[in-house]
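For reference, the structure is listed below as structure tokens.
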Amino acid sequence: MNAHARFDNLPRFASPLKAIEGLKPTEPLYLVHPEKFAGVAKQFLDGFDGDVLYAAKANPHPVALKQLWAAGIRHFDTASLGEIQSVKDVLPEAICHFMAPVRLPGQAKAAFEQHGVTDFVVDSESELDKLLAETGKPASLRVFVRLVASLGGALLEMSSKYGCRPEEAAKLLGGVAQAGAQPCLTFHVGSQCLSPFSYAQAIEIAQRTMVLSGIEIVALDIGGGFPTAYAGQEPPPYHWYFDMIKVAVDNLGKPGLKLMCEPGRALVAQGISLVTQVVMRRGDRLYMNDGIYGSFDEQRFLSFDEDYPPSGITLDAKGKAKVLSGEKRPFRAYGPTCDSADVLPRPVILPDSIATGDYVLFDAMGAYTVSSRSAFNGYYPDGWATIGT
Ligand SMILES: Cc1ncc(COP(=O)(O)O)c(C=O)c1O
């Protein structure tokens, strides 16, 4: 049996309340919403005028990969040999693209020879040389030079570690073309990017780079960054992004140019919610069975203004699950590990009646949650159920 086969037949419930009633989970429980996976994938596949690569780092779990495959996603942005292997293991027909600009020695060779990967990113001459030496067949490669696109508008910037300025990128494009590989450009405007305009600005930077280099690129990969709706954050609809991108790309005047995007967060965030249990309430403190070292790891890096507004759920004397109502108040929510840093960075707003043994349901927990959980202290959230009839 495949290691991931145990996720093929998850228990199924009509609603989160029914799941809590049925399972009375004492471990964190991920609830999968297939219609949400399908809905957002369709928006991208219908609305974006090019290949939609799912950035597997956002959630490489077999459940998420299979949901996206079922929704029609065929391309995957993979950032390491390990990610390529986990995608191929679950989806042997998946088309993987190796979109990290700095690779461990030997990984490009293995990706190329064992998995047929031909798209790679570089942002330095040394990585370009390494890539060419490892793969040895430049004509079959599309090499994407990564640009800095530090434009504001995103919650997490993605340009301080990788990317180069147009002048340097132009030289690299020259190197790619000279080596006989197919020159391409890419950038990442930053994750949870609330400004569609950032993409248009970055496409202009790509345009400037092309002019500087005098080289015709074959493909433009506009990266990830598309936002999802978190509590208190209503991003513009995706069609605003797609429309703005289309206008900016049309302005390039290159009808044959292949377009790609690499959404991670946008494709998986809404598709999974998380049930945690209150192991103990002490005054205004809740000690939960999941925290910063589990599903909430990314919360350390996000600076939202909003408090968390999850739902509180209790089981009544007959074992029926009910959403708690009544006056709400802020709680400090701790995770299960012994570390004092294991506390959510912002208050959690819940009804004052919440008590030990009750549940807290967090929505939009599909992105950068499952992928970065750790087994620190012996806690590892891994309960799963599907919601739907
Ligand atoms: C190269 C690359 N592409 C795509 C993504 C996905 O970004 P997002 O989840 O913001 O869409 C990332 C995120 O780190 C990335 O580094």
Side-chain angles (χ1 to χ4, degrees), residues 37 40-41 43-44 47-48 50-61 64-65 68 73 75-80 82-84 87 96-103 107 111 117 119-124 127 142-164 169 184-196 198-199 202 206 219-230 233 235-236 238 241-242 245 259-272 297-299 301-302 304 364-372:
F37 274 100
V40 72
Q43 281 191 62
F44 272 83
F48 180 74
D51 287 338
V52 177
L53 284 54
Y54 167 55
K57 58 181 76 67
N59 189 337
H61 195 279
L65 295 176
L68 290 171
I73 299 288
H75 293 267
F76 293 80
D77 154 24
T78 41
S80 65
E83 261 184 20
I84 295 171
V87 169
C96 290
H97 309 251
F98 203 149
M99 303 315 256
V102 181
R103 284 165 296 275
Q107 292 214 343
V117 175
D119 281 357
F120 294 87
V121 172
V122 298
D123 68 354
S124 66
E127 277 296 315
R142 292 199 303 183
V143 181
F144 292 75
V145 175
R146 170 123 166 210
L147 288 160
V148 161
S150 186
L151 304 160
L155 213 60
L156 283 169
E157 64 82 21
M158 290 277 179
S159 285
S160 58
K161 182 173 178 185
Y162 295 131
C164 45
C184 307
L185 282 170
T186 187
F187 53 76
H188 194 303
V189 295
S191 200
Q192 187 70 5
C193 178
L194 299 171
S195 166
S198 293
Y199 290 88
L220 175 65
D221 175 358
I222 62 152
F226 298 90
T228 197
Y230 290 122
Q233 249 187 19
Y238 293 132
Y241 289 78
F242 302 145
I245 290 162
L259 259 197
M260 294 145 71
C261 65
E262 303 170 358
R265 183 186 306 281
L267 288 184
V268 289
Q270 303 296 327
I272 295 176
D297 172 80
E298 195 199 25
Q299 299 298 314
F301 314 112
L302 297 178
F304 283 130
M365 289 295 287
Y368 303 107
T369 48
V370 173
S371 51
S372 38

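Counting convention: from 1, in listed order, for ligands and their atoms alike.
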Check: Would Lys57 and Glu83 pass as an ion pair if we require N to O under 4.0 Å?
Finding: no
Check: Passes ring pair (Phe, Tyr, Trp, His ring centres under 6.0 Å), Phe44 versus Phe226? Steps please.
Finding: CA-CA 10 Å; Phe44 272 83; Phe226 298 90; 5.1 Å; yes
Item checked: Separation between CG of Asp119 and CZ of Phe98, rounded to the nearest 0.5 Å -> 12.0 Å
Notebook entry, point to check: For Asp51, what residues pass the salt bridge (Lys or Arg N to Asp or Glu O under 4.0 Å) criterion, not counting sequence neighbours?
Noted result: none
Enumerate the pairs of nitrogen or oxygen atoms, one from ligand 1 and one from the protein, separated by less than 3.5 angstrom; state names and distance to 0.1 Å.
residue, atom, partner, partner atom, Å
ligand 1, 3 (N), Asp77, OD2, 3.1
ligand 1, 3 (N), Glu262, OE1, 2.4
ligand 1, 7 (O), His188, NE2, 3.0
ligand 1, 9 (O), Arg265, N, 2.8
ligand 1, 9 (O), Tyr368, OH, 2.5
ligand 1, 10 (O), Ser191, OG, 2.4
ligand 1, 10 (O), Gly225, N, 3.1
ligand 1, 11 (O), Gly225, N, 2.8
ligand 1, 11 (O), Gly264, N, 2.9

Margin query: Under 3.5 Å, is there a donor on one side chain and an acceptor on the other for Glu298 and Thr369?
Written below: no
Check: Is the side chain of Gln192 donor-acceptor paired with the backbone N or O of Thr228 at a distance under 3.5 Å, no angle test?
Finding: yes
